[in-house]
Amino acid sequence: MGERRLSPIQTRTLQCYCEGHCPGNLQNGTCETRPGGSCFAAVEEVLDEETGLKVPEWSHGCMPPEQNGGLLQCKVGVQSPQIHGKSIVCCENEDFCNKDLLPEYVPKTTTPPPTVNVTEPSMHTLALMASVIVCSVAFVVVAIAIFVTYKKREKRKPQCLIDSVCNPNLSPLADLVEQSSGSGSGLPLLVQRTIAKQIQMVHQVGKGRYGEVWLAKWRDEKVAVKTFLTTEEASWFRETEIYQTVLMRHENILGFIAADIKGTGTWTQMLLITDYHELGSLYDYLQKRVLNPHMLKTLALSLSSGLAHLHTEIFGTPGKPAISHRDIKSKNILVKRNGQCAIADFGLAVKYSSESDEIQIAPNTRVGTRRYMAPEALNETLDTKIFEGFKQADMYSLGLVFWEMARRCISTIRGTKNTTCEDYALPYQDVVPSDPSFEDMYAVVCVKGVRPPIPQRWQDEEILVVLSKMMQECWHPNPAVRLTALRVKKTLVKLETDSSIKIV
């Protein structure tokens, strides 16, 4: 299936003058409606706290389309402003059509029900009247209670184009994502675009072949912003599409927040906004720190859990396709504060649905990282028509990452109380150049059959014993005999309670 691009919204939106109902609680300015929305001008009776008198208060802003049938509707101002104490006039004929609108202020009134003179009423008539009055009073009391509750809730949150993003105290970014992604496919596009417009860049924290990574802030919350080079448009589209896959969210996959394209006709900037993890990538983390066995177990289990979630197809409505990452390496794995991993960078990922039996490969000129490429990718025997082959290639790369982790885990030197570990090293660092070519990797991995060395000291620590067995299974030259991500995850989960582990 061809690459699906994010198409622009075809329905017309309006620019409106806003005062009292502006996004970001601005004093006055401009807001933009959602498709189907309209501009409005309103006058409402409010209590002046200084004088104690009821006074009119005018406001202007954007009317969301879903409010056309709610309490705040355009018909109120035409039908019965004296009852509601509010008059609203809406327009949608042109941009800023509401700027000069001034609805008539009609003070709120309460008219008592008319007195009906009845001469010598019968008992049945009196009983009927009493019942009607009691029911009417009960109905009015309930209606007033509901209205007061609604108004109190409306006062607590500012009226703007997207209510849920106006007040960070009301809805922090994490809560916003959870509340708005009920389908599991991320925030609505309009919310994403609004967040992207409010991002403040702080400083650059990384740079790669695709572009740059920046620390940024959205309403005082730290986020990461990945900016793509114009030549990497395919990567941006693919990564955005993968992140917005239904049921994609998982604690061991980098949390996606928003994506947007900014710029003019001559200048374009593609943004990907995600959670920010201050510890950086696993590559940076392992160079600065040594691991104890518990830390190593946490990193390995969380990484295998994230990859197992990616590889697993979820059936149902909604369902999730199976996804292969195709570029697993320590630089594409982030370390969270709780010591767990979060898999990132999905610019090369492929999706597969067994229902359609179709593998969706992005038309991307990028290839994976040569150092981590599986033998079948290096010798070009990987069958791109069979999805299982992509998952098996991911497992080869996972084995190499496990090896990087294990080198930095301390173990006790036999016969002493001292501990030791190896210096950080990239896989095959001692046998290929710093930027190896396909030919370099092919000669080492396929022709010579070289794999990273397993130090003898790893036999003295349980987690290192288990990981060393698993990594050798993962980088086996025959893809069919490699462990699956789910098998690796289950083995590491079992390690928590059972010390006698068998790799099957």
Side-chain angles (χ1 to χ4, degrees), residues 252 279-307 328-331 333-341 371-372 395-434 444-445 448-477 481-485 487-504:
N252 301 124
L279 295 179
S281 70
L282 180 64
Y283 171 79
D284 298 324
Y285 185 80
L286 294 177
Q287 292 186 73
K288 300 173 184 176
R289 295 170 177 82
V290 294
L291 310 175
N292 60 40
H294 175 73
M295 294 166 67
L296 175 60
K297 190 186 306 180
T298 301
L299 286 172
L301 175 57
S302 59
L303 176 55
S304 61
S305 296
L307 191 58
I328 294 290
K329 60 179 179 179
S330 54
K331 289 184 178 180
I333 299 163
L334 300 175
V335 181
K336 300 164 66 174
R337 271 190 172 184
N338 62 4
Q340 295 188 18
C341 290
R371 186 183 295 275
Y372 292 83
M395 295 310 296
Y396 170 88
S397 304
L398 180 70
L400 298 182
V401 175
F402 278 173
W403 180 84
E404 292 178 66
M405 292 180 184
R407 285 178 59 90
R408 302 297 286 153
C409 180
I410 58 174
S411 63
T412 304
I413 301 173
R414 290 183 185 181
T416 72
K417 294 183 179 181
N418 299 326
T419 58
T420 185
C421 71
E422 289 79 38
D423 293 335
Y424 175 76
L426 285 167
Y428 306 109
Q429 185 168 302
D430 56 337
V431 290
V432 296
S434 59
V444 169
V445 176
K448 298 179 182 178
V450 174
R451 295 294 185 273
I454 305 295
Q456 181 61 36
R457 76 169 184 90
W458 289 9
Q459 303 308 309
D460 300 331
E461 179 60 53
E462 182 184 40
I463 181 63
L464 291 174
V465 171
V466 173
L467 275 184
S468 62
K469 290 179 180 178
M470 286 197 295
M471 66 182 71
Q472 291 176 81
E473 293 274 3
C474 287
W475 64 45
H476 195 283
V481 303
R482 293 175 194 157
L483 298 174
T484 64
R487 177 70 265 164
V488 172
K489 174 186 174 181
K490 288 183 176 180
T491 301
L492 291 171
V493 168
K494 191 178 180 184
L495 185 61
E496 296 286 340
T497 54
D498 187 358
S499 57
S500 56
I501 303 298
K502 291 184 180 180
I503 307 301
V504 292

Please identify each residue that fulfils side chain to side chain contact (heavy atoms under 4.5 Å, CB included) with Thr416, with sequence neighbours left out.
Ile413, Asn418

Can you check whether Met470's main-chain N or O pairs, donor with acceptor, with Glu473's side chain at less than 3.5 Å?
no

Heavy atoms, side chains only, cut-off 4.5 Å: are Leu303 and Asn252 in contact?
no

Any side-chain heavy atom of Leu400 sitting closer than 4.5 Å to one from Arg451?
no

Please test Leu279 against Arg289 for side-chain contact (heavy atoms from CB on, under 4.5 Å), starting from the C-alpha separation and ending with a verdict.
CA-CA 11 Å; Leu279 295 179; Arg289 295 170 177 82; 3.6 Å; yes

Separation of Ser305 OG from Gln340 CD (nearest 0.5 Å)
7.5 Å

Give the minimum heavy-atom separation between Gly399 and Met471, together with the two atoms involved.
O-CB, 3.6 Å

So do Val335 and Leu286 actually touch side chain to side chain, heavy atoms under 4.5 Å?
no

Got Leu282 and Lys331 here, is their nearest side-chain heavy-atom distance under 4.5 Å?
no

d(Leu299 CG, Leu492 CG) to nearest 0.5 Å is 11.0 Å

Side-chain donor or acceptor of Ser302 paired with backbone N/O of Cys341 under 3.5 Å:
yes

Answer whether the closest heavy-atom distance between the side chains of Lys329 and Ser397 falls below 4.5 Å.
no

Restricting to pairs with a member in residues 279-288, which pass salt bridge (Lys or Arg N to Asp or Glu O under 4.0 Å), not counting sequence neighbours?
none

Determine whether Ile333 and Ser281 satisfy the following criterion, side-chain contact (heavy atoms from CB on, under 4.5 Å), listing intermediate values before the conclusion.
CA-CA 5 Å; Ile333 299 163; Ser281 70; over 6 Å; no

Worked verdict on Thr484 versus Met395 for side-chain contact (heavy atoms from CB on, under 4.5 Å):
CA-CA 7 Å; Thr484 64; Met395 295 310 296; 5.7 Å; no

Beyond-backbone contact of Val465 with Glu461, side-chain heavy atoms, under 4.5 angstrom:
no

Before you tell me yes or no, could you show the steps for Val450 and Val445 under side-chain contact (heavy atoms from CB on, under 4.5 Å), namely the whole-Å CA-CA distance, both residues' side-chain angles and the distance that decides it to 0.1 Å?
CA-CA 5 Å; Val450 174; Val445 176; over 6 Å; no

Heavy-atom side-chain contact between Ile328 and Tyr396 under 4.5 Å:
no

Counting C-beta onward and ignoring hydrogens, is there a side-chain heavy-atom pair between Tyr285 and Leu334 closer than 4.5 Å?
no

Nearest 0.5 Å please: distance from the SG atom of Cys409 over to the CD1 atom of Ile463.
7.5 Å

Minimal non-hydrogen separation, Asn292 against Ile410, with atom names:
CA-CG1, 4.1 Å

Sequence-distant partners of Lys297, side-chain hydrogen bond (donor to acceptor under 3.5 Å, both in side chains), two or more places apart:
none

NZ/Lys336: more than 12 non-hydrogen atoms of other groups inside 6.0 Å
yes

Please list all pairs meeting side-chain hydrogen bond (donor to acceptor under 3.5 Å, both in side chains) that have one or both residues in residues 402-414, counting only residues at least two apart or in different chains.
Ser330-Glu404, Tyr372-Glu404, Glu404-Tyr424, Ser411-Arg457, Arg414-Asp460

Only counting residues at least two apart or in another chain, list the ones meeting ring pair (Phe, Tyr, Trp, His ring centres under 6.0 Å) with Tyr428.
none

Mind checking what makes side chain to side chain contact (heavy atoms under 4.5 Å, CB included) contact with Ser468, not counting sequence neighbours?
Ile454, Trp458, Gln459, Gln472

